[in-house]
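Below is one structure, written out as structure tokens; the observations come after it.
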Amino acid sequence: MGCRQSFRQCCDRPKNTNVRISLPAVCFVWQIVMIILFGIFIRYDQESDAHWAEYRTFQNISSDIENDFYFRYPSFQDVHVMIFVGFGFLMTFLKRYSFSAVGFNFLIAAFGLQWALLMQGWFQSLDPMDEKIKISMESLINADFCVASCLIAYGAVLGKLSPVQLMVMTLFGITLYAVDEFIILNLIHARDAGGSMVIHTFGAYYGLSISWMLYRPNLDQSKRLNGSVYHSDVFAMIGTLFLWMFWPSFNSAITDHGDGQHRAAINTYLALASTVLTTVAISSLSQKTGKLDMVHIQNSTLAGGVAVGTAAEFMLMPYGSLIIGFCCGIISTLGYIYITPFMEKYLKIQDTCGIHNLHAMPGVIGGIVGAVTAAAASEGVYGKAGLINTFDFTGKWKDMVPSRQGGHQAAGLCVALCFGVGGGIIVGCILRMPIWGDAPDDNCFDDELYWELPEDEESIPPILEDNNHMRNRDVTESHFSMEQSQN
Amino acid sequence: MGCRQSFRQCCDRPKNTNVRISLPAVCFVWQIVMIILFGIFIRYDQESDAHWAEYRTFQNISSDIENDFYFRYPSFQDVHVMIFVGFGFLMTFLKRYSFSAVGFNFLIAAFGLQWALLMQGWFQSLDPMDEKIKISMESLINADFCVASCLIAYGAVLGKLSPVQLMVMTLFGITLYAVDEFIILNLIHARDAGGSMVIHTFGAYYGLSISWMLYRPNLDQSKRLNGSVYHSDVFAMIGTLFLWMFWPSFNSAITDHGDGQHRAAINTYLALASTVLTTVAISSLSQKTGKLDMVHIQNSTLAGGVAVGTAAEFMLMPYGSLIIGFCCGIISTLGYIYITPFMEKYLKIQDTCGIHNLHAMPGVIGGIVGAVTAAAASEGVYGKAGLINTFDFTGKWKDMVPSRQGGHQAAGLCVALCFGVGGGIIVGCILRMPIWGDAPDDNCFDDELYWELPEDEESIPPILEDNNHMRNRDVTESHFSMEQSQN
Amino acid sequence: MGCRQSFRQCCDRPKNTNVRISLPAVCFVWQIVMIILFGIFIRYDQESDAHWAEYRTFQNISSDIENDFYFRYPSFQDVHVMIFVGFGFLMTFLKRYSFSAVGFNFLIAAFGLQWALLMQGWFQSLDPMDEKIKISMESLINADFCVASCLIAYGAVLGKLSPVQLMVMTLFGITLYAVDEFIILNLIHARDAGGSMVIHTFGAYYGLSISWMLYRPNLDQSKRLNGSVYHSDVFAMIGTLFLWMFWPSFNSAITDHGDGQHRAAINTYLALASTVLTTVAISSLSQKTGKLDMVHIQNSTLAGGVAVGTAAEFMLMPYGSLIIGFCCGIISTLGYIYITPFMEKYLKIQDTCGIHNLHAMPGVIGGIVGAVTAAAASEGVYGKAGLINTFDFTGKWKDMVPSRQGGHQAAGLCVALCFGVGGGIIVGCILRMPIWGDAPDDNCFDDELYWELPEDEESIPPILEDNNHMRNRDVTESHFSMEQSQN
């Protein structure tokens with residue numbers, strides 16, 4: 001703590017938020033590097049290559065409809081909407097940070113998905129024949145998943161970092177994610193269809209650790225902007241709903257063809273439905289007059305989707321999904337009421353969007369549920385072929401048994417936690433350097449630092465109405481009525 | 001009427017809008033009941049069960065792509081968007097009821113779909129072997145459909161009921177829907193792919209009857225809030241457009257594989273396009289200076305989709321679809337101009353969203369069109385196999401002929417009407433009890449009763465602008481300081 | 001120029017914006033004509049006709065999943081969202097023109113798609129057997145594409161035309177598009193999957209030419225309304241993101257089954273990602289303090305999708321897509337900074353949305369890239385079957401070689417340019433007639449001309465808060481300022 005303190009002081013210099021050199025430089029240079037690396041490494045795989053016609057005949061595939069594109073594309077587009085509209089609009093709830101919420105979310109994701117294609121490709125789909133990465137629709141979905149973890153982390157630091165810092169956070173986040181994912185999925189052989197561990201647990205703890213490292217003791221100087229207004233809350237509901245509706249696609253996007261995708265979508269649909277009811281219940285209970293809090297509705301209603309991620313493709317049973325959703329709605333909402341203030345006050349973690357409640361806790365629960373359900377799997381429930389398909393007990397894992405698989409799942413969760421916390425602390429140190437153009441404590445949560453803002457909305461209606469040098473009728477009228485009442 | 005009057009008086013006591021006990025209680029208890037019933041009754045069907053691999057081999061299905069998931073999932077997600085974003089945002093047009101519009105829509109739908117899976121399952125897909133309901137993607141679509149009818153009803157009572165009342169309305173609505181649907185589709189053997197009768201006619205008359213039972217003679221005390229503002233109308237257009245765009249998916253979601261889905265999508269697409277033009281025409285004609293009214297554009301443009309629902313899968317012919325849309329755009333817009341005020345004044349039915357014009361009348365038209373087109377069907381137009389497929393003349397209905405099918409369609413419409421009106425009156429009685437926490441007459445259409453509202457938007461720009469020298473966020477405060485400086 | 005000048009003067013009479021007769025007349029008459037023409041000409045094709053069951057057996061098609069519906073429907077719905085929500089909301093950025101942006105976009109598209117089905121049908125899919133047009137999902141996608149070109153043109157004249165003029169512009173635009181498309185795709189045999197030439201180049205130059213013909217020298221009298229406010233910019237981001245996310249569907253919607261669709265989606269995804277980074281870079285560079293401009297983020301980020309349109313289905317290679325996106329982000333953003341003001345000042349072209357930067361330039365680049373990549377195609381890269389499939393070297397084009405195909409692509413680009421400019425000038429002349437009810441120069445960009453507007457947002461919160469006894473603080477302020485002025 002002492003060490004962290006002194007490092008922090010050494011970094012606390014007057015802030016300069018001009019990013020005119022750093023931001024274009026980062027964007028240009030990194031994009032050029034991407035082009036070069038893509039030129040060297042990335043090619044189409046056989047299903048997206050023009051040789052598909054020949055490959056199809058060779059493999060005796062009866063119809064074009066069996067191209068993986070048709071299995072994955074609808075889910076891919078749903079995931080894509082979650083990444084850009086879902087995460088982007090979910091963060092527009094702040095009264096004057098909507099441009100940054102949507103805009104930087106857009107920037108992070110657009111860069112992140114390119115870097116993710118490379119990183120995930122190197123680790124998982126490098127063709128040993130020609131040392132190339134072969135991409136297909138599934139790679140694109142995985143890249144979107146990878147980006148999701150960085151967008152989750154963005155939620156914790158929303159309003160406090162400059163776009164350059166966000167790019168750096170994304171660069172390291174994607175890198176860590178790819179390593180983490182390789183260890184969990186390939187080395188440990190844990191299953192994680194919806195990414196409760198790989199995406200949510202990792203992403204949330206990564207963001208929280210960064211936020212801890214970048215703790216701002218005087219953040220309450222920006223308190224006036226750290227809240228919503230009526231319309232910004234409605235915008236945020238666009239994000240919430242698109243995340244909520246498309247979460248079944250998220251959890252089923254890369255599961256096995258056939259029953260795997262089918263079951264994952266059903267389980268997620270049910271878990272999310274159940275979460276909504278308990279979120280509303282706790283939200284209403286928490287207020288003296290039973291009123292609902294928009295923050296809970298916007299966020300906690302999604303917790304079930306996170307928690308069912310790992311186990312969505314398992315035989316969780318419909319009631320199992322409901323139970324998970326039931327618990328997560330309660331835990332997540334209670335988190336917003338009790339844990340977030342506690343964390344800010346005592347643990348020095350400022351979590352703007354409350355990702356600890358939406359992603360971290362449900363993610364860990366999801367990992368545990370996955371471990372337990374995997375350990376409890378039996379041939380009676382899955383069938384012999386079903387067990388092998390679902391848990392991928394093939395190749396060098398062909399002697400695996402469910403009970404051991406449960407242990408591997410638990411190990412995967414630990415790895416995700418370690419990568420999140422460890423990576424976040426290191427990256428947080430890097431981001432404390434006083435060169436990144438982040439906001440001063442009294443001007444956080446403010447679009448004005450990084451965006452040309454239009455004139456105020458206040459000034460429209462008068463202009464509109466007094467077109468022909470007339471007076472605003474509302475004001476005139478009330479003025480007269482007031483005069484009358486004074487008389 | 002006298003009886004209704006006295007019952008009404010007995011119920012008119014001072015209102016207490018505190019739902020802190022009732023709302024959490026309803027949410028918790030009902031969700032727990034759902035979990036128990038799901039545990040007892042609901043399982044995966046063979047296409048979402050891990051035994052699919054074995055089933056596939058057994059049934060000699062050549063590829064995973066023939067899993068029903070791939071036929072239904074894109075449509076399912078579109079329907080899902082209609083339910084949550086479409087209906088939710090369509091109702092955000094009120095200036096201070098957007099939280100409730102989107103939020104309670106969310107709550108109703110999340111509860112309703114669970115209850116619908118059970119109710120529809122008991123009536124339609126209870127496996128006689130093990131007394132279990134087997135769910136698949138099609139069940140999820142049907143549950144969403146079922147929920148749609150309750151959300152339509154919500155449109156009639158928007159702004160006047162408490163969330164607890166809405167939950168009760170949904171509980172009974174779903175129950176009635178399931179019985180109604182079973183009678184119409186299974187016993188009477190009417191066809192209703194897009195639910196003109198089952199969903200729209202039933203839902204609309206259910207909501208209108210409830211609104212009639214809950215007539216508020218002094219509702220004009222809340223008149224100031226019963227209208228839109230500029231941005232709330234733009235939000236509502238999000239709902240309109242997502243409903244409009246995805247309606248082809250709605251009407252084709254559960255039709256026959258292959259040509260059935262294909263044709264239903266085409267017919268709906270055309271009917272909706274045609275509706276837009278006549279809506280614009282009538283809306284412009286109705287104003288002295290030819291200006292358009294947002295209410296018409298937001299609602300009447302959708303009437304064609306409702307009216308083409310039943311017949312969408314039939315050989316309606318592209319021009320037939322256009323004609324339906326043409327008429328419904330006119331009728332629905334005229335309804336907003338003449339019938340809604342008439343109903344409020346003389347029939348004591350207060351219909352906040354005008355669902356009579358958007359769902360009730362077009363739904364009935366849809367039922368009639370369905371009956372006529374079914375009666376007119378011939379082997380020349382459909383082909384022998386086509387006729388059997390389209391009208392499902394199989395099993396015990398294998399001797400059915402189109403002309404009799406037309407009669408059955410008409411009977412189905414009558415059943416839907418009776419269930420809607422009858423059910424609505426009964427449920428309306430229940431909802432009149434003074435225990436539900438609904439709003440007083442002078443405070444309807446107001447989010448403040450059930451939501452913690454953020455501070456006003458008014459107060460942002462000053463803070464933003466005078467970042468440096470002004471402290472106070474309240475304009476009132478600055479007003480005082482101005483006075484002081486004047487002194 | 002002199003001729004144009006005198007024609008212009010003859011047309012410049014006092015403006016009457018009442019469209020109460022013309023708008024309903026146009027909508028009714030044209031819709032009735034559509035119904036008649038649909039009745040005469042349009043029927044279902046074999047995949048959407050009830051005879052499909054027989055056709056399927058006859059053609060020995062193994063499963064319903066091979067109905068073209070399942071190849072095209074997910075992409076169709078994405079394209080549909082782009083047309084109605086994407087284009088519609090992208091144009092809501094103006095502070096008081098959101099109703100018209102979304103509403104007229106809706107009207108144009110709903111009419112345009114019907115007319116497009118007819119026009120494209122006559123030119124491309126008239127069945128010689130029975131002189132009928134047979135429509136399927138692919139026809140619907142093509143109709144949406146056709147409409148896109150008119151919506152692009154709408155961007156140039158946004159805020160300056162009456163709805164009647166827009167309908168006329170659409171009628172001619174669709175007609176020209178269909179001829180243009182027939183010449184380019186069928187006669188010249190150019191390939192244009194994503195429509196860089198056919199849709200974007202044509203549409204943009206069509207709109208720009210109309211805007212040139214309708215030049216308003218005194219448009220700065222409406223300057224106060226020609227800009228955004230905070231929330232209108234957030235609404236516009238909804239449009240931007242849905243266009244951005246679904247562009248891979250746009251470019252892959254009508255490409256070959258299998259690898260063609262797969263590759264087009266991947267290429268578009270990558271090009272768009274790359275564009276975001278260079279747009280941000282140039283936008284930040286262009287401001288003294290490195291702040292970003294929302295106009296660039298809303299528009300230029302999409303340029304990559306336009307430019308990759310023609311070549312998306314070719315073997316462009318992932319890095320090729322990134323390079324295209326890289327260049328277009330730069331060019332498009334620079335266009336907003338330098339070319340748009342230049343065009344307005346010196347070329348008398350007022351381009352409200354900057355479609356020259358978003359569609360015209362990237363469209364031309366896309367045409368050129370298509371020509372070059374087609375000319376460079378080789379059997380080594382594509383495989384023999386792949387080359388034939390991708391470039392459709394079949395039938396009377398079976399002796400075509402890639403190098404000549406490159407020439408044909410270039411010829412296609414020229415045709416698109418000529419049709420756009422020529423058609424736009426002619427239609428612009430027609431639209432200058434003083435009968436259409438367009439806005440006067442000092443009242444452009446104003447919803448009030450054609451819409452019943454709700455009361456001002458200003459007036460809500462006081463009502464809400466001070467229901468009974470407090471006064472509106474705004475009013476208080478204006479009251480004081482008025483008192484001061486009285487003193």
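These numbers come from a predicted model, not from an experiment. Because only heavy atoms are used, hydrogens play no part in the values below, and waters and symmetry mates are left out as well, while side chains stay in.
- Taking chain A as the reference chain and counting heavy-atom pairs below 4.5 Å, the highest number among C/Ala273, C/Gly383, C/Gly386 is found for C/Ala273.
- When all heavy atoms of A/Pro454 and C/Asp233 are compared, the pair lying nearest together is CG-OD2, 3.8 Å.
- Contact annotation for C/Gln261: both backbone and side-chain heavy atoms come within less than 4.5 Å of a heavy atom of chain A.
- Annotation: maximal heavy-atom pairing with chain A below 4.5 Å, among C/Gly258, C/Gly290, C/Ser252, occurs at C/Gly258.
- When A/Arg72, A/His80, A/Met167, A/Glu54 are compared by the number of non-hydrogen pairs under 4.5 Å with chain C, A/His80 comes out ahead.
- Of the atoms belonging to A/Asp64, heavy atoms from both backbone and side chain fall under 4.5 Å from chain C.
- Atom CD of A/Gln31 sits about 8.5 Å away from atom OG1 of C/Thr275, to the nearest 0.5 Å.
- Residue with the most contacts toward chain C among A/Gly103, A/Ala50, A/Cys27, A/Ala101: A/Ala50 (heavy-atom pairs, distance under 4.5 Å).
- If you look at C/Phe242 and A/Phe84, their ring centroids are not closer than 6.0 Å.
- Only the side chain of A/Ile238 comes within less than 4.5 Å of a heavy atom of chain C; its backbone N, CA, C and O stay farther away.
- Per-residue heavy-atom pair counts under 4.5 Å with chain A were compared for C/Val295, C/Leu285, C/Ile323, and the maximum is reached by C/Leu285.
- Residues C/Tyr230 and A/Arg96 meet the side-chain proximity criterion, which asks for heavy atoms closer than 4.5 Å.
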Applying side-chain contact (heavy atoms from CB on, under 4.5 Å) to C/Thr279 and A/Phe106, what does each step give before you reach the verdict?
CA-CA 12 Å; C/Thr279 299; A/Phe106 196 12; over 6 Å; no

Is there a side-chain contact (heavy atoms from CB on, under 4.5 Å) between A/Phe28 and C/Ile282? Walk through the geometry before answering.
CA-CA 9 Å; A/Phe28 268 129; C/Ile282 299 288; 3.7 Å; yes

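- Residue with the most contacts toward chain A among C/Ala265, C/Ser228, C/Pro318, C/Pro74: C/Pro318 (heavy-atom pairs, distance under 4.5 Å).
- Most heavy-atom pairs under 4.5 Å with chain C: of the set A/Leu113, A/Ile83, A/Val19, this distinction falls to A/Leu113.
- Heavy-atom distances place no part of A/Phe41 under 4.5 Å from chain C, backbone and side chain included.
- With a 4.5 angstrom heavy-atom cutoff, A/Ser136 touches chain C via backbone and side-chain atoms both.
- If you measure heavy-atom distances from C/Leu270 to chain A, the contacts under 4.5 Å come from the side chain alone.
- There is no side-chain donor-acceptor pair under 3.5 Å between A/Tyr55 and C/Asp259.
- For C/Ser249, the parts lying under 4.5 angstrom from a heavy atom of chain A are both the backbone and the side chain.
- Taking the six-membered ring for Trp and thresholds of 30 and 60 degrees, C/His231 and A/Phe235 have ring planes inclined between 30 and 60 degrees apart.
- Side chain of A/Gln77 to main chain of C/Ser75: no donor-acceptor pair is present (N/O by atom type, distance under 3.5 Å, no hydrogens or angles).
- Neither side chain, A/Tyr73 nor C/Asp78, offers a donor N or O lying under 3.5 Å from an acceptor on the other.
- Between C/Asp68 atom CG and A/Ile65 atom CD1 the span is 9.0 Å, to the nearest 0.5 Å.
- In this structure, A/Val81 and C/Phe246 have side chains that are in contact, with non-hydrogen atoms separated by less than 4.5 Å.
- Contact tally against chain C (heavy-atom pairs below 4.5 Å) for A/Ile135, A/Ile21, A/Thr92: the top residue is A/Ile135.
- To the nearest 0.5 Å, atom CG of residue C/Leu322 and atom CG of residue A/Leu37 are 10.5 Å apart.
- With chain A as partner, the option from C/Gly260, C/Pro248, C/Ser62 having the largest number of non-hydrogen pairs under 4.5 angstrom is C/Pro248.
- Looking at C/Met317 and A/Arg43, their side chains come closer than 4.5 Å, going by heavy atoms from C-beta outward.
- In this structure a side-chain-to-backbone donor-acceptor pair under 3.5 Å is present from C/Arg263 to A/Ser48.
- Neither the backbone nor the side chain of C/Ile388 comes within less than 4.5 Å of any heavy atom in chain A.
- Note on A/Ala53, A/Gly39, A/Ala25: by heavy-atom pairs under 4.5 Å with chain C, the leading option is A/Gly39.
- Heavy atoms closer than 4.5 Å to chain C are found in the side chain of A/Gln114, but not in its backbone.
- A ring-centre distance under 6.0 Å is not found for A/Tyr44 and C/His262.
- Classification of the A/Tyr70-C/His257 ring pair by plane angle, with boundaries at 30° and 60°, yields perpendicular.
- The line from OG of C/Ser284 to CH2 of A/Trp451 is 10.0 Å long, rounded to the nearest 0.5 Å.
- In this structure, chain A has heavy atoms under 4.5 Å from both the backbone and the side chain of C/Tyr382.
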side-chain contact (heavy atoms from CB on, under 4.5 Å) between C/Leu292 and A/Phe99, worked out:
CA-CA 10 Å; C/Leu292 298 172; A/Phe99 285 15; over 6 Å; no

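- Annotation: maximal heavy-atom pairing with chain C below 4.5 Å, among A/Ile42, A/Thr57, A/Leu117, occurs at A/Ile42.
- Looking at C/Leu272, neither its backbone nor its side chain comes within 4.5 Å of chain A, counting heavy atoms on both sides.
- Put simply, of C/Ser63, C/Ser321, C/Ala281, the one with the most heavy-atom pairs under 4.5 Å next to chain A is C/Ala281.
- At a 4.5 Å heavy-atom cutoff, the contact between C/Val381 and chain A is made by backbone atoms alone.
- A/Asn18 is not listed as a side-chain neighbour of C/Lys288, based on a closest heavy-atom distance of 4.5 Å or more.
- Nearest heavy atom pair, residue A/Asp49 against residue C/Met315, reads OD2-CE, 3.1 Å.
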When you look at A/Ile40 and C/Tyr319, which way does the side-chain contact (heavy atoms from CB on, under 4.5 Å) test go after all the steps?
CA-CA 9 Å; A/Ile40 301 173; C/Tyr319 66 88; over 6 Å; no

